[in-house]
Amino acid sequence: MPSDLPFVDLFAGAGGLSLGLARAGLTPVGAAEMQGDALATYVAAHEAYFPGSALQVFEGDLAQHSLCSLRGQVAIVAGGPPCQPYSVGGLRRGIGDARDGLPLFVRVVREARPEAFLLENVPGLASGAQRARLDAVVAELAALGYGVDWRLLRAADFGVCQRRQRLLVVGTRRGSFAWPEPTHGPGRPVPYVRARELLDPARPLGETNPALVTYARSPDLRPSPWDGHLWNGGGRPIDPDGLVPTLLASMGGNKTPWLDGGGVVPAYHAHLLAGGEPRAGHVPGARRITPEEAALVQGFPVDMPWVGPRSSRYRQVGNAVPVGLAEAMGRALRAHLVGEPAADVA
Ligand SMILES: C[S@@+](CC[C@H](N)C(=O)[O-])C[C@H]1O[C@@H](n2cnc3c(N)ncnc32)[C@H](O)[C@@H]1O
């Protein structure tokens with residue numbers, strides 16, 4: 001191996017997964033990505049955070065590349081194949097969907113023969129009709145000589161201020177993989193990170209999003225003021241004392257979560273519960289989070305060199321694996337492969 005635990009990131013996006021693995025002491029040496037802005041962000045971040053270190057870039061459709069040259073060069077194949085076919089919000093077409101990256105992931109594992117692999121996806125792949133697809137992929141990977149295990153992990157349990165859950169599939173050639181222990185939350189060493197620790201309604205990070213927050217004509221009340229649809233658009237209000245709703249790749253415009261700078265949400269919810277009339281117009285003091293703030297929630301560094309217009313940056317951020325979750329997985333992989341945890345990286 002040319003370096004200490006080198007890895008390739010397939011479907012690399014802007015690199016949330018890669019940054020987390022690198023923080024755990026693994027070395028990014030290759031990245032495959034077909035979307036121009038995401039690849040440009042990934043490469044710019046690599047140059048900024050790993051200056052002078054080589055990166056083999058597989059640009060365009062991964063289906064057009066052979067990664068046989070990576071055999072003996074990478075310890076880990078990592079990647080989050082496109083997840084639209086499986087997300088609960090999507091059409092759940094699964095098998096046969098052109099956006100199904102799972103066969104490509106299996107093919108690269110066969111070509112590169114790494115010590116271990118890490119596949120990330122949406123929880124929907126492990127439930128309902130899609131579960132058979134997950135089981136089939138696990139069987140294919142096991143047939144390549146790997147012990148394969150999977151779990152659904154909550155990003156918040158690893159210090160990420162978000163409700164996001166992810167499916168992680170790990171394969172190793174020997175021994176059984178020890179999953180990372182949650183570090184944050186009730187009964188754990190550290191409480192969940194609260195939104196107010198990261199986001200300040202009065203201090204936007206980056207250029208503000210002009211999409212106003214407006215009251216819904218026919219509000220749909222739920223027990224929590226932070227759920228339900230009291231407002232127009234898909235973007236939900238962020239409870240400053242709770243976790244940020246799962247950030248979606250479709251963020252942008254009124255699908256973007258927002259901050260309740262005017263303290264309107266609990267009071268308006270109470271007003272409606274008491275039988276008050278729905279209001280109309282703009283919600284005073286409300287503003288939507290910027291791509292930079294969404295990136296902070298996902299655990300990206302503040303100086304991350306994002307490339308592309310606002311809509312593209314929201315998509316890159318929403319698509320990413322939270323850096324803290326990836327780091328926890330990286331530490332567990334490192335411990336499995338070399339028997340030692342990584343030193344703390346600031
Ligand atoms: C869910 S995102 C990955 C996010 C990434 N793991 C991160 O943490 O930032 C999936 C990425 O796969 C890319 N992609 C989809 N199909 C691809 C293909 N056939 N070849 C290369 N890249 C592909 C998409 O452009 C998208 O950026």
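Taken from CG in Leu167 to CG in Leu134, the straight-line distance is 5.5 Å, to the nearest 0.5 Å. Residue Ile76 holds its CD1 atom at 11.0 Å from CG of Asp9, rounded to the nearest 0.5 Å. For the atom pair CZ of Arg23 and OG of Ser18, the computed distance is 12.5 Å after rounding to the nearest 0.5 Å. Taken from CG in Leu119 to CG in Leu102, the straight-line distance is 6.0 Å, to the nearest 0.5 Å. Taken from OG1 in Thr208 to CD1 in Ile289, the straight-line distance is 13.0 Å, to the nearest 0.5 Å. One distance of note links CZ of Arg107 with CG of Leu10; it measures 9.0 Å at 0.5 Å rounding.
Cluster note: Met34 groups with no other residue, as no ILVMFWY side-chain heavy atom lies under 4.5 Å from it. Taking a 4.5 Å side-chain heavy-atom cut-off between Ile, Leu, Val, Met, Phe, Trp and Tyr, the cluster of Leu296 extends to Leu205, Val302. Chaining together hydrophobic side chains whose heavy atoms lie under 4.5 Å apart places Val43 alongside Leu39, Tyr42, Leu55, Val57.
Residues Arg154 and Arg164 form no side-chain contact, since every pair of their non-hydrogen atoms from C-beta on lies 4.5 Å or further apart. A 4.5 Å side-chain heavy-atom check between Pro266 and Trp226 finds at least one atom pair inside the cut-off. With a 4.5 Å cut-off on side-chain heavy atoms, Val148 and Val169 count as touching. The side-chain heavy atoms of Val29 and Gln56, taken from C-beta on, include no pair separated by under 4.5 Å. A heavy-atom distance below 4.5 Å is not found between the side chains of Arg151 and Leu168. By the 4.5 Å heavy-atom criterion applied to side chains, Pro81 and Leu104 are not counted as neighbours. The shortest distance between side-chain heavy atoms of Glu207 and Pro291 does not fall below 4.5 Å. Between His229 and Leu221, every side-chain heavy-atom pair lies at or beyond the 4.5 Å cut-off.
Side-chain contact annotation: Ser312 with Gln316, donor-acceptor N/O pair under 3.5 Å present. Between the side chains of His46 and Ser53, at least one donor N or O sits under 3.5 Å from an acceptor N or O. No hydrogens or angles considered: a donor-acceptor pair under 3.5 Å links the side chains of Asp149 and Trp179. Counting only N and O atoms by type, the side chains of Thr290 and Asn209 include no donor and acceptor under 3.5 Å apart. With no hydrogens or angles considered, no side-chain donor-acceptor pair links Asp4 and Thr27 at under 3.5 Å.
Across all non-hydrogen atoms, the minimal contact from Val8 to Ala31 is CG2-N, 4.1 Å. Here the closest heavy-atom approach between residue Met304 and residue Leu19 is recorded as SD-CD1, 3.9 Å. Closest approach of Val77 and Ala112 over heavy atoms only: CG2-CB, 4.0 Å. When all heavy atoms are compared, the tightest approach of Leu153 to Pro180 is CD1-CG, 4.4 Å. For the pair Ala216 and Asn232, the tightest heavy-atom approach, listed with the atom from each and the gap, is CA-OD1, 3.5 Å. Across every non-hydrogen atom of Gly235 and Trp258, the tightest pair is O-NE1, 3.2 Å.
With hydrogens and angles disregarded, a donor-acceptor distance shorter than 3.5 Å links the side chain of Arg71 to the backbone of Glu111. With Glu293 contributing its side chain and Leu199 its backbone, the two residues share no donor-acceptor pair below 3.5 Å. Counting only distance, with no hydrogens or angles, the side chain of Arg287 and the backbone of Pro201 share a donor-acceptor pair below 3.5 Å. A donor-acceptor contact shorter than 3.5 Å is absent between the side chain of Thr214 and the backbone of His282. Side-chain atoms of Glu140 do not come within 3.5 Å of backbone N or O of Pro103 as any donor-acceptor pair. At distances below 3.5 Å, at least one donor-acceptor pair connects side-chain atoms of Arg334 with backbone N or O atoms of Gly25. In terms of modelled atom types and a separation under 3.5 Å, the side chain of His336 and the main chain of Arg174 share a donor-acceptor contact. A donor-acceptor contact shorter than 3.5 Å is absent between the side chain of Arg315 and the backbone of Ala249. Proximity of a side-chain donor or acceptor of Glu33 to a complementary backbone N or O of Gln35 within less than 3.5 Å is detected. The backbone N or O of Asp241 sits nowhere less than 3.5 Å from a side-chain atom of Arg196 that would complete a donor-acceptor pair.
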* Candidate pair Lys255 and Arg236, rule side-chain contact (heavy atoms from CB on, under 4.5 Å), full reasoning -> CA-CA 8 Å; Lys255 291 183 179 167; Arg236 291 179 174 273; over 6 Å; no

I would like to know whether Gln298 and Val323 meet side-chain contact (heavy atoms from CB on, under 4.5 Å); could you show each step before the answer? CA-CA 6 Å; Gln298 285 278 56; Val323 177; 5.8 Å; no

Test salt bridge (charged side-chain N to carboxylate O under 4.0 Å, His left out) on Arg163 and Asp227; report intermediate values, then the result. CA-CA 13 Å; Arg163 293 188 206 160; Asp227 296 330; 3.7 Å; yes

Practice prompt. Show your working on salt bridge (charged side-chain N to carboxylate O under 4.0 Å, His left out) between Arg313 and Asp37 and close with a plain yes or no.
Written response: CA-CA 8 Å; Arg313 284 180 280 138; Asp37 290 343; over 6 Å; no

* To do: Report the C-alpha separation of Val190 and Thr183 in whole Å, then their side-chain angles, then the decisive distance to 0.1 Å, and conclude whether the side-chain contact (heavy atoms from CB on, under 4.5 Å) test is met.
  => CA-CA 6 Å; Val190 190; Thr183 49; 5.7 Å; no

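For Glu197, the CD atom sits in a packed shell: over 12 heavy atoms of surrounding residues, nucleotides or ligands are nearer than 6.0 Å.
Linking ILVMFWY residues whenever their side-chain heavy atoms come closer than 4.5 Å, directly or via other members, leaves Ile238 and Trp231 in distinct clusters. Taking hydrophobic clusters as Ile, Leu, Val, Met, Phe, Trp and Tyr residues chained together by side-chain heavy-atom distances below 4.5 Å, Leu70 does not share a cluster with Phe50. Residues Val307 and Tyr49 fall into different hydrophobic clusters, defined by Ile, Leu, Val, Met, Phe, Trp and Tyr side chains chained together at heavy-atom separations under 4.5 Å. Tyr192 and Leu325 fall into different hydrophobic clusters, defined by Ile, Leu, Val, Met, Phe, Trp and Tyr side-chain heavy atoms under 4.5 Å apart, directly or through other members. Under the 4.5 Å side-chain heavy-atom criterion for grouping Ile, Leu, Val, Met, Phe, Trp and Tyr, Met251 is not connected to Leu212 through any hydrophobic cluster.
The distance between the ring centers of Phe58 and His65 falls below 6.0 angstrom. Ring-centre distance between Tyr215 and Tyr268: below the 6.0 Å cut-off.
Checked for salt-bridge contact, Asp239 and Arg194 miss the test: no charged N lies under 4.0 Å from a carboxylate O. Here Arg188 pairs with Asp157 in a salt bridge; the nearest charged N to carboxylate O distance falls below 4.0 Å. The existence of a salt bridge linking Asp220 and Arg222 is confirmed by a sub-4.0 Å separation between a basic side-chain nitrogen and an acidic carboxylate oxygen.
None of Trp150, Tyr146, Phe177, Phe7 except one satisfies the ring pair (Phe, Tyr, Trp, His ring centres under 6.0 Å) rule with Phe117; the exception is Tyr146.
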